[in-house]
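All remarks here apply to the structure that follows.
Here is the naming used below: chain letters follow the sequence lines, and residue numbers restart at 1 for every chain.
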Amino acid sequence: MTPSSAINDFIRTIINRDLEAGTHPRIVVRFPPEPNGFLHIGHAKSSTLNFGLAAEYGGQCHLRFDDTNPETEDLQYVDAIKRDLRWLGFDWGEHEYYASDYFETLYEWACRLIRKGLAYVDDSSENVIRSMRGTVTSPGSHSIYRDRPPEENLERFEAMRLGQFHDGACVLRAKIDMVHPNMKMRDPLMYRVRHATHYRRGDQWCIYPFYDWAHGQSDAIEGVTHSICTLEFSTNRVLYDWYLDALDINPRPRQYEFARMNMEYTVTSKRKLLNLVNEHVVDGWSDPRMPTLAGLRRRGIRPEAIRIFCESVGTTKVDSTHDPALFEYCIRDNLNQHAPRIHCVQDPLPVTLTNLPEDHEEDIEAPYWPHDIAKEGTRSLPFSNEILIERNDFSEDPPKGFRRLTPGGIVRLRHAYIVRCTHVEKNEHGKVMHLYCELLKGSRSGSDSSPASQQKPQGTIHWVDARRSLPVIAREYHHLLSVPVLEDELWAGLNPSSLIEYSHARIEPSIVEDSPNQRYQFVRLGYYWRDPKFIETSPPIFNRIVSLRDSSTRTKSKSTAVAPKKDKPRSAQRALTPDEKQWLQRSGLSAATGLAIYQIPGAQAFFEDASESAPSASVGNWMANQLLPALGDRPLSELPFGPNEFSQLVQLFDCGVASSHETREVLKLMLTTDESPTELLARVQDSILSDPEALRKMIADVLLEYSDRVQAYAAGKVGLKGFFVGQVMKRSHGKANPKQVQELVSEELARITS
RNA sequence: UGCCCUGUAGCUCAAUUGGCAGAGCGCCUGGCUCUGGACCAGGAGGUUCCAGGUUCGAAUCCUGGCGGGGCAACCA
C-alpha cells in the first residue's frame, strides 16, 4: 500500500523505505497514553500522527494503555482518554490493549534475561543505586550484587514477586555497562517492589516493570512495526534495542522520535494542568480554557479543526513552539462553513429611533448565511423603535478610521435600516447611557433603489431588538498564560483575565428554535455555542469558541513591531591536541583537510603512501573531500585499490590529463572495480560528451523547453543559470563536461538575452 | 563538560537527494462586500547559525566552531 497523502516527513520516508524493502508487509503503530491524566492538544498531535499513518498505509493503530505505575493511574482516565480519542474521530477496533495485561509475559521474559546472565537482583538502597550510577560526565561503578549467579537471581526475583520483600528492598536490573556514556545503559532498573493496588490487576502483583522494560516488549508482543514516540525518549532508544536484542525478537519493532507539540501561551505539562484543576483555578479538566481535548470540546472547537491543525504543523525532530494563530485559523476556517450568522449584543447600549412610532414593530426576514457561503435559510429578526447596539460600536471621539457610529454619523443596521445619531444622553459621570437616532426612511436592507440607500454609511453594525431579544451570558476566553513561554512559576505566568463574562448580553430570539448544541457566528464578534456543561441553565451561557479575525486593532498594536536582529554567533577555532598539531605539521595539510584524514583509521598511512609519488596537497584534497566521504562505513582496507592506484589517479589530475569532473567519475568507478585508473580514465573520457555541437544542441533544447525561465533569467533571475546547466547535465546522464556546459550556457544565454 | 537530537522568512515547515531558496500562518497594501469576517489580487520579509574547504555549481558533501533541546526518577 502506498500513501495517498501528499504529506511527506521523515517518518513517512522511513515507512516507505521499509515497505518497499519488504521489511514489513504492512505497518502496525500504536498510541500509548498512560492513564494518569487527561489528553491534551499535544496528545492530539501524537494520536493524529499514529492513527493517520495507519489509515494512510492501510495498517493498524493500537490503543495501548501504558499502565505500569499503580500509584498514579486510574480507570477514570482510561474512560476519558477513550472518549476523547473517539471524539477526535479515531477507531482502534478490537485493538485496545493494556501493558498490565502483559505482566505475566514480561515476568517470564525477565527470567529469560536472568538465565542468560543479563539481569540481576540488586539489594542496594535507592540512594546507593543513585550514587553508584555516576553522572553524565563521570562513570558509574558496579553494585556488589552485580555478579550474583543466575540461580540466586532467579530465586530472589521469584521471592520479589511472591511479596517477600518490602517496598524498595530490592530491584531487578539489566546487566549492561556501568561506564556507558548513555546514562540509560548503566544497568537500568527493570522491576521495583510496590505493594500497591493496581486499578486493573488489583493486588495480583507487587512488582511492577519500568517504562523501558515494559514498552518495547509490549510493542513486540503486539507486533508493532514502528514505535513512534517523542524526542525525550531518544536516549532510551539504545536500551529499547538492547532489550529486544537480548530477547532475540524477530521481526522487531523500531523506535522513532519526533518533536512534541508545544504552543505559546499554553500549559501542556500534565503536572501543571493537574495543579490548575486541584487549585480550582479552572473549572476542572474540561474548562474551556484548558488545552485538554475535553476543554477544547467544551469550548466548542470541532474535532476536524484539531486534526487539520495537527496535520498542518508537520512532523519533525526540531523542538518547536507553535503560534496559537495557526490553530485559531484552523478553528475559524472549519467553523466558517458550519456556523449560521446571528445577532448578539454583548455589552448593550440602548438606542431609540425617534422617527418611529412608540409601538412600532416589524419582523425582518434575514438570511443565516453571507453571500459567499452556498447555504440557504433565513430567520425572522424582530425590529422596533427601541434597539440595542454594542457599546463599543459608538464613539463620541472616534479614532481615525473608525467605521461605526458617531454623533451625527450614519451606520447601516445589518439586515435593517440606515440610522443617523442625533442625540447622546449621558449620566453624571459622563458615561453614554442612551442614543437617539433617526431612521432613514426607505433605507431598508435590499431596497437599493430608494434615494436613502444611496447614502454611504460609515459602516455596518449588528443590533438586537430591545423588547423582543433574550438575555444571555456570553463568555470570552483568552490565553491561560500572559506570557508566551512559562519562564518561572506557573502562578506568576497566569493570565488574570483569561475569562471575561458579559452577563447582560442580549440575543435575537431565533435561537429558541435551535438545537442547544448549534454553533453560531455572532456577527462581528466570533463563533459561539452554548456551554454544554450549563445546557439547562437560564439565561443560557454561551462560550466564545474563537474570535473573528480582526483587522481593526491590528495597525495600532503590531505594525510598528520590528523583529530584533538575531545575534550571530562568532566562530572560533578549537585548540589542537599535540598529536593533531604534530600530524598537521608532518603532513603539511591545512587544518580542515588534515583533521578529516586524522580521524579515519588507516587514513594517515594511506595518505603518506600515496604522497610518495604525488603532491601531498592534492592527495590530501582528494582524500578528504572525495575518497573518505564516499567510503561510508567501509574501512579503507576493504577498498579494491590501494594508495598506489589512488596516487596514480591524483597524478593524472595534477598534470592536467584528467579534469576534475573526470577524476571524480574515475574515482566512483574505482570504488567498485579493480581496473587501473588509466584504463578507467580512457573509458570515462571516451564516454564524455565534449563535442561542442552536440552540447549546443542539448542546450538549445533545454532553453526551448524552459523558455519561461529564460525570460525570467533575462528579467534578472540570474540564479537560473545553474538550473539550465543542471538540466543539460541531467539530459546527458552526467556525461557532459560541466565546465564546458557552463561556458556554453553562458554564451547562449548572453546571445539570447542581448 | 560526556552521550544523543537539532539549527532554512516573525512562527510552523518544504526544497525531486549537488542545479530556480519556496508554501501555509502572521504582517502590510489594494479590490470586493450590508460582518473591520470570508473571498480575490499584490507586497514586504533570507548572511539557509558562523568560518573555512571541495565543486562549473553547496541549504545539501568535508573540517572546525557557535547556539537550542534532551538524558544522571524505585515516573512515563
Side-chain angles (χ1 to χ4, degrees), chain A residues 8 34 36 66 68-69 71-72 126 129-130 133-138 140 167-168 171 180-184 186 189 191-194 210-211 215 231-238 257 259 264 312-314 316-323 325-326 329 332 336 341 370-373 401 403-404 412 414-415 445-446 457 459-462 521 523-524 548-555 558-559 561 563 566 568-574 590-596 599 621 624-626 628-629 660-661 664 709 712 717 719-727 729-730 738-743:
Chain A
N8 192 27
E34 185 191 9
N36 68 346
D66 220 341
T68 57
N69 183 358
E71 289 171 320
T72 56
E126 194 175 335
I129 289 179
R130 204 196 312 275
R133 188 148 36 213
T135 70
V136 288
T137 50
S138 63
D167 286 7
V171 290
H180 200 287
N182 179 344
M183 297 290 297
K184 297 279 184 207
R186 319 248 257 232
L189 276 47
Y191 276 95
R192 74 273 209 182
V193 177
R194 194 98 321 164
F210 283 93
Y211 167 83
H215 201 88
L231 240 36
E232 71 267 27
F233 292 102
S234 31
T235 34
N236 300 52
R237 188 181 54 247
V238 183
E257 311 90 23
E264 286 179 341
S312 67
V313 297
T316 65
K317 303 184 81 138
V318 187
D319 258 307
S320 51
T321 305
H322 295 79
D323 185 341
L326 179 59
Y329 167 81
R332 278 186 207 113
N336 184 31
R341 274 58 167 175
H371 62 92
D372 53 337
I373 287 176
R403 297 213 251 153
R404 293 165 261 172
R412 159 80 65 185
R414 187 168 165 84
H415 298 309
S445 173
T460 303
I461 63 173
H462 61 280
Q521 186 193 106
V523 167
R524 303 210 305 131
L548 254 30
R549 192 159 157 265
D550 179 11
S551 53
S552 72
T553 53
R554 266 185 269 162
T555 20
K558 284 188 181 171
S559 66
K566 276 185 283 186
K568 301 281 184 182
R570 292 257 63 88
S571 68
Q573 223 57 234
R574 156 175 79 84
S590 70
T593 311
L595 289 178
Q599 288 163 11
N621 258 347
N625 286 300
Q626 307 298 335
L628 265 19
S660 66
H661 176 243
R664 279 190 285 169
R709 280 168 233 238
K717 207 163 175 184
L720 279 166
K721 194 202 280 184
F723 168 75
F724 297 129
V725 174
Q727 288 302 315
M729 290 305 292
K730 212 166 268 177
K739 202 164 186 173
Q740 204 181 350
V741 171
Q742 174 101 346
E743 282 160 11

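Not a single donor-acceptor contact under 3.5 angstrom links the side-chain atoms of A:Arg332 to the base of B:G37. For B:U35, its base sits under 3.5 Å from the side chain of A:Gln521 at one donor and acceptor pair at least.
B:G42 and B:C25 have their P atoms separated by 14 Å, given to the nearest Å. Annotation: B:C28 and B:G18 have their P atoms spaced 41 Å apart (nearest Å). Separating the P atom of B:A23 from that of B:G45 is a span of 14 Å, rounded to the nearest Å. With both ends at atom P, the span from B:U8 to B:G69 equals 14 Å, rounded to whole Å. Taking atom P in both B:G31 and B:G37, the straight-line distance is 13 Å, to the nearest Å. B:C75 sits 28 Å from B:C5 when the P atoms are compared, rounded to a whole Å. Comparing the P positions of B:G7 and B:C13 gives an interatomic distance of 10 Å, to the nearest angstrom. Here the separation of B:U60 from B:G53, taken at their C1' atoms, is 15 Å to the nearest Å.
A straight line from CG of A:Asp319 to P of B:G70 spans 7 Å, rounded to a whole angstrom. What separates CG of A:Asn336 from P of B:U33 is a distance of 19 Å, to the nearest Å. Between the NZ atom of A:Lys730 and the P atom of B:U16 there is a distance of 10 Å, rounded to whole Å. The nearest whole Å value for the distance from the CG atom in A:Asn8 to the C1' atom in B:A14 is 10 Å. For the pair A:Asp550 CG and B:C25 C1', the interatomic distance rounds to 17 Å; values are reported in whole Å. Between the P atom of B:G37 and the CZ atom of A:Arg412 lies a distance of 18 Å, rounded to the nearest Å. Following rounding to the nearest Å, A:Tyr329 (OH) and B:A38 (C1') show an atom-to-atom distance of 10 Å. The separation between A:Lys317 atom NZ and B:C4 atom P is 13 Å, rounded to whole Å.
Within the 4.0 angstrom heavy-atom criterion, only backbone atoms of the sugar-phosphate kind lie near A:Thr321; the bases stay farther away. Residue contacts for A:Val318: at a heavy-atom cut-off of 4.0 Å it reaches the sugar-phosphate backbone alone, with no base atom in range. At a threshold of 4.0 angstrom between heavy atoms, the contacts of A:Glu264 with the nucleic acid are absent. No engagement by A:Arg237 is indicated, since no non-hydrogen atom pair under 4.0 Å with the nucleic acid exists. A:Leu326 comes within contact range of the sugar-phosphate backbone alone, with a heavy-atom separation under 4.0 Å but no base atom that close. Within 4.0 Å (heavy atoms only), A:Gly140 reaches no atom of the nucleic acid at all. Across all strands shown, A:His415 has heavy atoms under 4.0 Å from base atoms, whether or not it also approaches the sugar-phosphate. A:Arg404 comes within 4.0 angstrom of a base, heavy atoms only.
Nearest heavy atoms, A:Leu189 versus A:Arg133: CD1-NH1, 4.3 Å. Shortest non-hydrogen contact noted between A:Ile129 and A:Val171 is CD1-CG2, 3.8 Å.
Heavy-atom nearest nucleotides on RNA chain B were determined for A:Gln727 and for A:Asp372, and the one closer to the 5' end corresponds to A:Gln727. Summary of the strand contacts: A:Asp323 and A:Ala591 both lie near RNA chain B, and taking for each the nucleotide with the nearest heavy atom, the more 5' one is attributed to A:Asp323.
Side chain of A:Thr593 to main chain of A:Ser590: no donor-acceptor pair is present (N/O by atom type, distance under 3.5 Å, no hydrogens or angles). Not a single donor-acceptor pair under 3.5 Å links the side chain of A:Arg412 to the backbone N or O of A:Pro457. The closest donor-acceptor contact from the side chain of A:Arg194 to the backbone of A:Asp167 lies at 3.5 Å or more, if one exists at all.
For the atom pair CD of A:Glu34 and OH of A:Tyr211, the computed distance is 11.0 Å after rounding to the nearest 0.5 Å. Considering CG of A:Asp550 and CZ of A:Arg524, their distance stands at 9.5 Å, rounded to 0.5 Å. Going from atom CG of A:Leu628 over to atom CD of A:Gln599 covers 9.5 Å, rounded to the nearest 0.5 Å. In this structure, CD on A:Glu257 lies 4.5 Å from CZ on A:Arg237, to the nearest 0.5 angstrom. Atom-to-atom distance recorded for A:Asn36:CG and A:Glu71:CD is 12.0 Å, nearest 0.5 angstrom. We find the CZ-CD1 distance between A:Arg404 and A:Ile461 to be 9.5 Å, quoted to the nearest 0.5 Å.
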Nucleic acid footprint by protein, nucleotides 52-58 of chain B - heavy-atom cut-off 4.0 Å, B for base, S for sugar-phosphate alone: BBSSB--
Sequence-aligned protein contact record of nucleotides 71-76 of chain B, with B where the base is within under 4.0 Å of a protein heavy atom and S where only the sugar-phosphate is: BBSBSB
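Residue A:Thr460 has no polar side-chain atom (N or O) positioned under 4.0 Å from OP1 or OP2 of B:G36. Look at A:Arg524 and you'll find a side-chain N or O under 4.0 angstrom from OP1 or OP2 of B:G36. OP1 or OP2 of B:C13 sits under 4.0 Å from a side-chain N or O of A:Ser320.
Consecutive Watson-Crick or G-U pairing (both distances under 3.5 Å) extending over three or more pairs maps onto RNA chain B as B:2-7 with B:66-71, B:10-13 with B:22-25, B:27-31 with B:39-43, B:49-53 with B:61-65.
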Residue pair A:Asn69, A:Arg192: steps toward the side chain to side chain contact (heavy atoms under 4.5 Å, CB included) verdict: CA-CA 10 Å; A:Asn69 183 358; A:Arg192 74 273 209 182; 3.8 Å; yes
CA sep, side-chain torsions, deciding dist, call: A:Ile373, A:Arg341, side chain to side chain contact (heavy atoms under 4.5 Å, CB included): CA-CA 11 Å; A:Ile373 287 176; A:Arg341 274 58 167 175; 3.7 Å; yes
Stepwise side chain to side chain contact (heavy atoms under 4.5 Å, CB included) test for A:Met183 and A:Thr235: CA-CA 8 Å; A:Met183 297 290 297; A:Thr235 34; over 6 Å; no
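For A:Arg130 and A:Glu126, the salt-bridge test passes: some basic side-chain N is under 4.0 Å from an acidic carboxylate O.
Annotated as anti: B:U35, whose O4'-C1'-N torsion sits more than 90° from 0.
With B:A14, B:U12, B:U35 as the choices, the nucleotide that has an atom nearest any side-chain atom of A:Leu548 turns out to be B:U35.
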